[in-house]
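First up is the structure itself, then whatever we jot down about it.
Chain letters run A, B, ... following the sequence lines, proteins first and then strands; every chain starts at 1.
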Amino acid sequence: MAALTYSREKRGKSVIVKIGGSLDAKTAPTLDKKLSDEVDQVPEKLVISMEKLEYIASAGMGTLINYNEIMSKKGKKLILCDLPDKITKIIKMLGFINFFSICKTLDDAENG
Amino acid sequence: MDNNLFLQKKIKRDLDELDSFRESFLYYLTENGIEEETASHFELCAYEVIANIIEHDSAIPGFCEDIQVTFSAENNYGQVILNYSGPEFDLTKRPLPDISAHFQEGLKRGLGIYIIHKLMDEIWYTHNEGENSLTMKKSIPDNSRIKSGQIL
């Protein structure tokens, strides 16, 4: 079974977070804690690359929604990128796609 | 009966066990001919309900602590039935969140019921003397591929 993987690096005005594995009821609190440590370190953009994300449940989506709003309140931006097809499909089907800033690639997210 | 598929499993109220259950559940559905996207919807909705039970409900002493999951597919429909003991809580009666407001307010919780309503065609709930039963039903697009089988 896939635990949550997390790595981060700061590049220019962005903090790039790469998540993988499973973002669900068990692992969402871990991501929540890590992102809460991150938000004040972000100059402008918090980019979350989801290339290696295999699974997302409501708890994971809720965490992303929460940080989308936290960043917005701070005048910063949360951008999701590298979404696997199956994650894109479910986010689209649930009608969330227009509420997030989503870029196809990490380069697009950093430079857009 | 043609294309009759049946699975019944019991799982403990434990998120670790839920992880392995959902993976084996999805594998079982796809291996038995349920198209991948539809199978993933059954799996995600079952996951959402069970995670909610684990988080909010405790079993009633003297009742079975396990959650029984039954999946069956017949003709053009599949359904997941979750049977578990606990206090009465009808999540089908919970109001659906306004997603626009949900994003504006940055709310973390309350999406599970929305996901279930979005992905399933019908949901119903019964409670009888400490025993809860939640059924989620959905049409299956390519019924002809479904294998007959029974796992208990």
Side-chain angles (χ1 to χ4, degrees), chain A residues 1-5 21-36 39 46 53-80 84-102, chain B residues 11-27 30 35-57 91 94 96-121 138:
Chain A
M1 97 197 49
L4 180 72
T5 61
S22 184
L23 184 51
D24 54 27
K26 194 177 162 198
T27 60
T30 305
L31 181 65
D32 191 355
K33 172 74 177 70
K34 286 183 179 292
L35 292 181
S36 78
V39 286
L46 174 60
L53 193 67
E54 295 167 20
Y55 187 78
I56 188 163
S58 68
M61 292 181 206
T63 301
L64 296 177
I65 290 170
N66 183 235
Y67 279 91
N68 193 49
E69 174 57 13
I70 288 171
M71 296 305 289
S72 170
K73 274 189 182 150
K74 288 179 178 287
K76 302 173 186 178
K77 214 166 176 189
L78 174 80
I79 301 174
L80 308 180
D85 285 347
K86 68 177 182 183
I87 305 281
T88 304
K89 268 187 188 172
I90 194 78
I91 288 178
K92 264 188 188 166
M93 179 163 264
L94 295 172
F96 297 167
I97 201 89
N98 295 325
F99 291 103
F100 286 117
S101 295
I102 296 177
Chain B
I11 69 163
K12 298 204 179 305
R13 296 176 190 233
D14 180 283
L15 284 179
D16 286 332
E17 187 154 331
L18 179 54
D19 272 356
S20 55
F21 167 77
R22 71 169 178 76
E23 288 182 4
S24 63
F25 185 49
L26 184 62
Y27 178 80
T30 52
E35 175 266 333
E36 197 170 331
E37 191 173 349
T38 305
S40 73
H41 293 173
F42 280 117
E43 177 263 324
L44 178 57
C45 291
Y47 179 92
E48 293 295 341
V49 177
I50 297 169
N52 193 65
I53 295 166
I54 292 170
E55 194 173 1
H56 296 292
D57 284 349
L91 64 76
R94 299 277 295 174
L96 289 184
D98 172 343
I99 289 304
S100 180
H102 214 87
F103 271 82
Q104 277 172 9
E105 291 164 28
L107 300 178
K108 284 185 203 171
R109 305 178 68 86
L111 291 173
I113 184 63
Y114 175 81
I115 289 173
I116 294 164
H117 275 279
K118 271 281 193 189
L119 301 183
M120 293 290 124
D121 297 341
K138 183 181 178 72

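- Distance alone, capped at 3.5 Å, places no donor-acceptor pair between the A:Tyr55 side chain and the B:Glu23 backbone.
- Separation of atoms CZ (B:Arg22) and CG (A:Asp24) is listed at 5.5 Å; rounding is to 0.5 Å.
- Residues of residues 64-71 of chain A lying under 4.5 angstrom from chain B, judged on non-hydrogen atoms, are A:Ile65, A:Asn66, A:Asn68, A:Glu69 by number.
- Heavy-atom pairs under 4.5 Å with chain A were tallied for B:His102, B:Arg109, B:Gln104, B:Glu55; the largest tally goes to B:Gln104.
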**Asked** What do the steps show when you test A:Lys26 against B:Leu18 for side-chain contact (heavy atoms from CB on, under 4.5 Å), and what is the final call?
**Response** CA-CA 10 Å; A:Lys26 194 177 162 198; B:Leu18 179 54; over 6 Å; no
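- Within the structure, the side-chain hydrogen bond (donor to acceptor under 3.5 Å, both in side chains) test picks out no pair touching residues 84-100 of chain A (sequence neighbours left out).
- Listed by chain and residue number, B:Glu48, B:Leu111, B:Ile115 satisfy the side-chain contact (heavy atoms from CB on, under 4.5 Å) test with A:Ser58 (two or more places apart in sequence, or in another chain).
- In the displayed structure, B:Glu37 atom CD is contacted under 6.0 Å by more than 12 heavy atoms of other residues, nucleotides or ligands.
- In this view, B:Phe103 and A:Phe96, A:Phe99, A:Phe100 satisfy the ring pair (Phe, Tyr, Trp, His ring centres under 6.0 Å) rule, not counting sequence neighbours.
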**Item:** Working for side-chain contact (heavy atoms from CB on, under 4.5 Å), residues A:Leu94 and B:Leu119
**Value:** CA-CA 8 Å; A:Leu94 295 172; B:Leu119 301 183; 4.3 Å; yes
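- Residue B:Ser40 does not touch chain A at all, counting heavy-atom pairs closer than 4.5 Å.
- Taking a 6.0 Å sphere around NZ of A:Lys77, one finds it holds 12 or fewer heavy atoms contributed by other residues, nucleotides or ligands.
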